[in-house]
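Heads up: the structure comes next, in structure tokens.
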Amino acid sequence: MSDPGPRTVREAALDVLGRLGLATVPIARAVGYALARLDRRVVVVVGEGAAQYAVHSLWTAGRHNLPVTFVIPDNSGYLSLKYYLQDHESWAAGYDLGGLDVALIARGFGVRAETVGTPEGLRQALRDALGADGPVLLDVKVADPGLVSV
């Protein structure tokens with residue numbers, strides 16, 4: 001492997017985080033915690049891109065009717081990768097997740113799910129989810145913050 005040359009601290013940190021797979025951890029950790037603490041509702045917030053790395057954890061939550069709420073801000077893409085890439089043509093080629101139905105995927109794993117599109121809808125959906133029996137996924141539609149023009 002060739003030396004990539006000098007990097008910023010941010011680039012090095014993102015590289016280490018990527019190699020460790022930390023983007024995959026939140027959903028799996030939430031499910032593990034819920035298995036260990038059935039007396040408490042766990043809430044995890046993770047973007048839909050990162051959620052895809054450990055989407056199979058939803059099966060465990062559904063199978064065991066775990067008290068966990070998954071809040072998925074859904075911006076139709078791996079935005080952390082979009083902003084990290086220097087070659088923005090790569091974004092269009094492989095990191096755009098437009099059309100992905102996260103709620104439908106969750107239902108396929110046996111998890112109650114709802115798509116949310118407004119702040120008012122989110123408030124009500126969270127109230128319902130926090131009082132639910134078993135796992136709930138909220139697919140919260142959000143906009144790309146537009147930090148980089150592609």
Side-chain angles (χ1 to χ4, degrees), residues 7-85 88 90-148 150:
R7 298 183 297 171
T8 67
V9 172
R10 179 180 179 274
E11 288 170 337
L14 285 171
D15 184 50
V16 169
L17 290 174
R19 289 176 194 261
L20 292 175
L22 294 182
T24 69
V25 175
I27 285 183
R29 279 189 181 165
V31 168
Y33 190 82
L35 278 165
R37 295 296 307 263
L38 295 172
D39 60 320
R40 293 184 163 197
R41 175 152 289 274
V42 178
V43 178
V44 61
V45 179
V46 62
E48 94 288 3
Q52 299 315 306
Y53 291 112
V55 71
H56 54 281
S57 298
L58 296 174
W59 179 87
T60 302
R63 173 80 173 184
H64 298 286
N65 200 41
L66 297 177
V68 60
T69 298
F70 304 95
V71 180
I72 312 293
D74 183 348
N75 50 31
S76 297
Y78 293 104
L79 290 192
S80 59
L81 295 178
K82 175 182 177 181
Y83 296 129
Y84 181 65
L85 291 173
H88 293 292
S90 296
W91 164 254
Y95 300 110
D96 182 1
L97 294 175
L100 184 65
D101 189 336
V102 179
L104 186 61
I105 292 168
R107 286 185 206 105
F109 283 110
V111 173
R112 187 179 120 205
E114 179 179 343
T115 300
V116 180
T118 66
E120 299 77 26
L122 178 57
R123 278 190 279 280
Q124 186 57 52
L126 275 171
R127 278 188 208 103
D128 295 345
L130 294 175
D133 177 39
V136 177
L137 181 139
L138 302 177
D139 181 9
V140 183
K141 301 299 182 183
V142 297
D144 177 341
L147 300 176
V148 174
V150 290

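For clarity, every value in this text was computed on a predicted model and none was experimentally measured. Atoms considered below: every heavy atom in the structure, side chains included; atoms not considered: hydrogens, waters and symmetry mates. One is the number of the first residue; the rest follow in order along the sequence.
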Nearest non-hydrogen partners of [X] and [Y], listed with the distance:
X   : Y   : value
Y33 : R40 : OH-NH1, 3.8 Å
V44 : P26 : CG2-O, 3.6 Å
I27 : A51 : CD1-CB, 3.5 Å
I72 : G47 : CG2-C, 3.9 Å
P73 : V46 : CD-O, 3.3 Å
V43 : V71 : CG1-CG2, 4.2 Å

[atom2] on [Y] to [atom1] on [X], rounded to 0.5 Å:
X    : Y    : atom1 : atom2 : result
L122 : K141 : CG    : NZ    : 13.5 Å
F109 : H56  : CZ    : NE2   : 8.5 Å
D133 : N65  : CG    : CG    : 5.0 Å
I105 : L100 : CD1   : CG    : 4.0 Å
R123 : D128 : CZ    : CG    : 13.5 Å

* L126 and its side-chain contact (heavy atoms from CB on, under 4.5 Å) partner, picked from L138, V136, V116 ->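 For L126, the side-chain contact (heavy atoms from CB on, under 4.5 Å) check succeeds only for L138.
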* Hey, which of L58, V68, V31, V42 is the one that makes side-chain contact (heavy atoms from CB on, under 4.5 Å) with P135? ->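 Exactly one candidate clears the test, V68.
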* Asked: So, does R41 use its side chain to make a donor-acceptor pair with the main chain of A132 at under 3.5 Å?
  ->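 Yes, R41 side chain to A132 backbone: donor-acceptor pair under 3.5 Å.
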* To do: Could you walk me through whether L104 and R107 pass side chain to side chain contact (heavy atoms under 4.5 Å, CB included), step by step?
  => CA-CA 5 Å; L104 186 61; R107 286 185 206 105; 4.2 Å; yes
* Asked: What do the steps show when you test V45 against V140 for side chain to side chain contact (heavy atoms under 4.5 Å, CB included), and what is the final call?
  -> CA-CA 10 Å; V45 179; V140 183; over 6 Å; no
